[in-house]
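If you read the sequence from its start, that first residue is 1, and numbering goes on from there.
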Amino acid sequence: MKKILSAIIALTLAAAMCGCQSQQNEAENQTGSQSEAATELTAAKSTDSSAESTDSSAFDPYAIESRYDIGDEMFEKRDGVDYGTVEKDVSYYSTTAEDDKQCNILLPPGYDEAEKYPVMYVFHGFGGSHSDQIDDDSYLTLLYGNMLNDGLTVPIIIVNVDMYTDKQSEKESFSEEQLRFSYDKAIDDVAVDLMPFIEKTYSVKTGRENTAVAGMSEGGAKSLCTGFKWLDKFGYIAGFAPDTGVIPTEYYKGTFWNTPVFEEFPKPNESNTPYYLYMTVGSKDPWNIDCTLYYRDVLDQMGVKNQTDLAEGYEHDYIFWRQCFYNYLSKIFR
């Protein structure tokens with residue numbers, strides 16, 4: 001009887017031990033499966049992150065065809081859209097002018113001094129002022145707000161420059177010729193005086209990769225001059241129907257309009273080649289088709305990459321400038 005009981009107990013213990021081992025193996029298998037799944041998930045996330053990084057670094061503004069069919073609704077005020085803050089007549093001292101100068105500044109919606117923002121400097125046209133493009137409900141203020149709201153551009157600070165760069169008390173007496181040469185001084189004023197003021201006063205990202213310049217007509221010429229003279233400071237350069245007077249041309253020869261700032265375009269090197277150089281002119285522009293295309297041809301011969309458009313049907317006015325700014329804002333700082 002004792003032998004029978006001993007045998008029963010031994011069989012029971014053996015079965016229990018087998019059960020425990022089976023449960024342990026099952027637990028190990030489950031742990032292994034969970035670990036393998038976690039590894040796969042981590043790898044997937046890593047792959048996704050790598051893909052996003054690749055897509056971001058591969059952004060090429062030159063690969064994007066410019067559009068000149070943007071409807072009026074993009075330039076109109078919408079309900080529920082934050083258009084940022086316009087700071088008017090902001091004063092700074094210009095050593096170039098030896099006097100105080102003013103500019104208008106657009107701070108993006110939600111401007112936060114804990115964040116840092118790229119900066120775009122904008123030159124007005126001949127006879128204009130620092131409130132032509134940036135003001136309450138101005139076309140550039142509304143366009144930028146709508147584009148940012150629609151995810152078509154990035155948060156930036158826009159500075160509307162006053163190209164007049166002389167004693168303010170003399171401005172009213174200046175002739176057109178005197179104004180032209182006063183505007184030339186803005187090329188240095190922006191880089192030497194205005195940029196340091198903006199960088200000291202506002203929360204901005206510094207460096208050429210975070211700095212753009214643009215302008216239309218006479219301001220387009222000054223934008224090209226500023227960008228090329230200060231290639232170490234400006235990574236993005238745009239001239240919308242730029243005037244003569246950047247380099248020597250045959251157009252308006254013998255007039256103050258064609259007194260060149262450069263004998264030739266300064267040639268960029270590997271460290272200061274523009275990230276994006278954009279020029280454009282309307283096919284019905286009465287003044288600046290030839291010189292814009294001439295600038296393009298010279299730059300092409302120099303091997304300087306640029307995107308230059310002849311926009312069908314457009315003239316020399318703000319209707320065209322609006323289209324130009326849409327294209328530029330969609331491609332810079334991306």
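- By the rule that hydrophobic residues join a cluster once side-chain heavy atoms approach within less than 4.5 Å of another member, Met279 and Val281 end up as members of separate clusters.
- By the neighbour-count criterion of 12 heavy atoms within 6.0 Å, atom CD of Glu264 is sparsely surrounded, having that number or fewer from other residues, nucleotides or ligands.
- Looking at Asn327, its side chain does come within 3.5 Å of a backbone N or O of Gln323 through a donor-acceptor pair.
- Judged purely by atom type and a 3.5 angstrom limit, Asn104 has no side-chain atom pairing as donor or acceptor with the backbone of Asp135.
- You'll find the side chain of Met120 stays beyond 4.5 Å of the side chain of Tyr144, heavy atoms only.
- For Asp79, the CG atom counts as loosely surrounded, since its 6.0 Å shell holds 12 or fewer non-hydrogen atoms of other residues, nucleotides or ligands.
- Side-chain contact of Asn160 with Asp132: a donor-acceptor pair under 3.5 Å is absent, judged by distance alone.
- A distance-only check finds no donor-acceptor pair linking the side chain of Thr308 to the backbone of Arg296 [under 3.5 Å].
- Under the 3.5 Å distance criterion, the side-chain polar atoms of Asn210 are matched with a main-chain donor or acceptor of Thr206.
- Geometrically, Lys222 does not engage Tyr183 in a cation-pi contact defined by less than 6.0 Å to the ring centre and at most 45° from the axis.
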| Hey, mind stepping through Phe181 and Thr259 against side chain to side chain contact (heavy atoms under 4.5 Å, CB included) and telling me if it holds? | CA-CA 9 Å; Phe181 296 116; Thr259 304; 3.9 Å; yes
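- The OH atom of Tyr139 lies 4.0 Å from the CD atom of Gln133; values are rounded to the nearest 0.5 Å.
- Arg334 forms a cation-pi arrangement with Phe59, by the criterion of a distance under 6.0 Å to the ring centre and an angle within 45° of the ring axis.
- For the residue pair Ser94 and Asp189, a side-chain donor N or O sits within less than 3.5 Å of a side-chain acceptor on the partner.
- By the 6.0 Å and 45° rule, Arg78 does not stack over the aromatic ring of Tyr83.
- Phe197 places a side-chain heavy atom less than 4.5 Å from the side chain of Val90.
- Linking Ile, Leu, Val, Met, Phe, Trp and Tyr whenever their side-chain heavy atoms come within less than 4.5 Å puts Val192 and Phe262 in one cluster.
- Shown here for Gln102 and Asp162, the closest heavy-atom pair between the two residues is O-CB, 3.4 Å.
- With no hydrogens or angles considered, a side-chain donor-acceptor pair links Ser182 and Asp166 at under 3.5 Å.
- For the atom pair CD1 of Ile237 and CG of Asn306, the computed distance is 10.5 Å after rounding to the nearest 0.5 Å.
- Under a cut-off of 6.0 angstrom, the local environment of NZ in Lys171 is crowded, with over 12 non-hydrogen atoms contributed by other residues, nucleotides or ligands.
- Looking at Thr211 and Phe234, their side chains come closer than 4.5 Å, going by heavy atoms from C-beta outward.
- At distances below 3.5 Å, not a single donor-acceptor pair connects side-chain atoms of Lys305 with backbone N or O atoms of Pro274.
- In terms of hydrophobic clustering, with Ile, Leu, Val, Met, Phe, Trp and Tyr side chains grouped at heavy-atom distances under 4.5 Å, Val119 and Ile187 are assigned to a common cluster.
- Trp257 has its side chain within reach of Phe126: a pair of non-hydrogen atoms, C-beta onward, lies under 4.5 Å apart.
- When atom types are taken as modelled, the side chain of Tyr111 and the backbone of Ser203 share a donor-acceptor pair closer than 3.5 angstrom.
- Remark: Arg180 is not positioned above the aromatic ring of Phe256, lacking an NZ or CZ atom under 6.0 angstrom from the ring centre and at most 45 degrees off the axis.
- Checking side-chain atoms of Asn272 against main-chain N and O of Asn269 turns up a donor-acceptor pair under 3.5 Å.
- A salt bridge does not link Asp136 to Lys77: none of the charged nitrogens lies less than 4.0 Å from a carboxylate oxygen.
- Here the side chain of Thr153 pairs no donor or acceptor atom with the backbone of Leu148 at under 3.5 angstrom.
- Of all heavy-atom pairs between Thr249 and Tyr295, the closest is CG2-CE2, 4.2 Å.
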Assess the residue pair Phe123 and Thr226 against the criterion (side chain to side chain contact (heavy atoms under 4.5 Å, CB included)); give the C-alpha distance rounded to whole Å, side-chain angles, the decisive distance to 0.1 Å, and a yes or no. CA-CA 10 Å; Phe123 290 105; Thr226 302; 3.5 Å; yes
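- Within the 4.5 Å cutoff, the side chain of Leu142 has no heavy atoms near those of the Phe75 side chain.
- In this structure, Ile134 CD1 and Lys88 NZ are separated by 11.5 Å, a value rounded to the nearest 0.5 Å.
- Under a hydrophobic-cluster definition in which Ile, Leu, Val, Met, Phe, Trp and Tyr are linked whenever side-chain heavy atoms come within less than 4.5 Å, directly or via other members, Tyr93 and Val159 are assigned to different clusters.
- Using modelled atom types, no side-chain atom of Tyr326 and backbone atom of Met74 make a donor-acceptor pair closer than 3.5 Å.
- A 4.5 Å side-chain heavy-atom check between Tyr121 and Ile198 finds at least one atom pair inside the cut-off.
- Atom OH of residue Tyr318 and atom CE of residue Met216 lie 13.0 Å apart, to the nearest 0.5 angstrom.
- Checked by atom type, the side-chain pair Asp309/Tyr68 shows a donor-acceptor distance below 3.5 Å.
- Pairing each heavy atom of Leu231 with each of Arg208, the nearest pair is O-NE, 2.9 Å.
- Under a hydrophobic-cluster definition in which Ile, Leu, Val, Met, Phe, Trp and Tyr are linked whenever side-chain heavy atoms come within less than 4.5 Å, directly or via other members, Leu277 and Leu293 are assigned to different clusters.
- Residues Phe325 and Ile158 form no side-chain contact, since every pair of their non-hydrogen atoms from C-beta on lies 4.5 Å or further apart.
- With values rounded to the nearest 0.5 angstrom, Asp100 atom CG is found 12.0 Å from Asp89 atom CG.
- Side chain of Tyr328 to backbone of Tyr236: a donor-acceptor contact under 3.5 angstrom is found.
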Q. Stepwise, does the side chain to side chain contact (heavy atoms under 4.5 Å, CB included) test hold for Tyr314 with Asp285?
A. CA-CA 7 Å; Tyr314 284 99; Asp285 190 297; over 6 Å; no
Stepwise, does the side chain to side chain contact (heavy atoms under 4.5 Å, CB included) test hold for Leu152 with Leu329? CA-CA 8 Å; Leu152 299 173; Leu329 284 168; over 6 Å; no
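- The aromatic rings of Tyr276 and Tyr278 lie parallel to each other, with less than 30° between the two planes, well short of the 60° mark.
- Here the straight-line distance linking atom CZ of Phe240 with atom OG of Ser223 works out to 7.5 Å at 0.5 Å rounding.
- Of all heavy-atom pairs spanning Thr280 and Ala311, the tightest one is OG1-CB, 4.4 Å.
- Of all non-hydrogen atoms in Phe265 and Met302, the two that sit nearest each other are O-CE, 3.4 Å.
- Pro268 approaches Val304 most closely through the heavy-atom pair CD-CG2, 3.7 Å.
- Looking at Asp243 and Tyr252, their side chains never come closer than 4.5 Å, going by heavy atoms from C-beta outward.
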